[in-house]
Amino acid sequence: MLSGALRMEERDQFPVGMRVLAVDDDPVCLKVLETLLRRCQYHVTATNQAITALKLLRENRDMFDLVISDVHMPDMDGFKLLELVGLEMDLPVIMLSVNGETKTVMKGIAHGACDYLLKPVRIEELRNIWQHVVRRKFSSRERSNLEFSKECNKPSSADTEHGPNQLTCGSSDQNGRISKKRKELHSEEVEEGDDNDFQENDEPSAAKKPRVVWSVELHRKFVAAVNQLGIDKAVPKRILELMNVEKLTRENVASHLQVWHLILSQIIRVPFLLFMSS
DNA sequence: TACACAATAT
DNA sequence: TATATTGTGT
């Protein structure tokens, strides 16, 4: 068959040639996956070892746009790969598994997977995965107002080493309504004319500390750090060190960790699905 | 003192 | 609701 015969209009060249790293220990599955991805006109690199995948990713961070990985692999659990990728680089990862149990899927999502596909994968599901790459680019910027057409910086150029991440990524407008604009880091707060009874004699130059927004990216780093440490050794200080995020404090992490414990013990409901489809 | 953790406040 | 702050024990 003429596999490459689909010639969609190439007005948008982006999805064409998107660099995908496919990981699956089963050679048959891997071959199928690779073929399907190629049929979507992506540029595919395939490996049957998670270790190799990690090595490839670490050696050249600009080489891939997206990772799609099986969950069950002998050399390294897919979740582990997911954690490490989430911690060390900012790439969308799609998990792949025959196991469709809610618990397992939830685990993947909770660990930072941007999608979770069930085998056998259909090509229809792969045609759209480039959206995760786009989504990630938008995710570090406010997108409430469309007039910000400022292009996001390409993560490939200036991100060679763990750049200090900044906290201003608040992209979560979960409700379709107009969300009140979050105050960013600008210290322009001059008058707070409420007639409240605050007797704080705070210094005039002390601006209000901005609240940390636990964006998907930030949360991914958090989860990756927690899992790397192990849940029992994951204490705020160590998590903070591993995350290596500028201006994030131990208290911030502690607060988030508190919630995370609740989530893990399923005491509170998890808003992960909101993360998925904003 | 520094920290973790739970409770409470905003 | 999400995150910050406070309180308490180690």
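So that the names make sense, note that chain A is the first sequence line, chain B the second, and so on, each numbered from 1. Computation of the quantities below employed the complete heavy-atom set of this structure, encompassing side-chain atoms and omitting hydrogens, waters and symmetry-equivalent molecules.
The distance from atom CG of A:L262 to atom P of B:dC5 is 13 Å, rounded to the nearest whole Å. Rounded to whole Å, the distance from CZ on A:R238 to P on B:dC3 is 13 Å. One interatomic measurement links the two molecules: NE2 of A:H256 to C1' of C:dT1, which rounds to 14 Å at whole-angstrom precision. In this structure, the CH2 atom of A:W214 is 10 Å from the C1' atom of C:dT3, given to the nearest Å. Going from atom CZ of A:R211 over to atom P of C:dA2 covers 10 Å, rounded to whole Å. In this structure, the NZ atom of A:K233 is 19 Å from the P atom of B:dC3, given to the nearest Å. The CZ atom of A:F222 sits 14 Å away from the P atom of C:dA2 (whole-angstrom rounding). Straight-line distance from the CG atom of A:L257 to the C1' atom of B:dC3: 13 Å, rounded to whole Å.
From A:R220, atom CZ reaches atom CG of A:L91 across 8.0 Å, with rounding to the nearest 0.5 Å.
Using a 4.0 Å cut-off between charged nitrogen and carboxylate oxygen, A:K55 and A:E59 count as a salt-bridge pair. In this structure, A:D24 pairs ionically with A:K119, as a charged nitrogen and a carboxylate oxygen lie closer than 4.0 Å.
For A:N252, a side-chain nitrogen or oxygen approaches OP1 or OP2 of C:dA4 to under 4.0 Å.
Each of B:dA4, C:dA4, B:dC5 was ranked by its minimum atom distance to the side chain of A:K237; first place goes to B:dA4. Nearest nucleotide to the A:Q258 side chain, out of C:dT3, B:dA6, B:dA4: B:dA6. Of the listed nucleotides (C:dA4, B:dA4, C:dT3), B:dA4 has the atom at the smallest distance from the side chain of A:R250.
Residues A:T249 and A:N252 have side chains that bring a donor and an acceptor to within less than 3.5 angstrom of each other.
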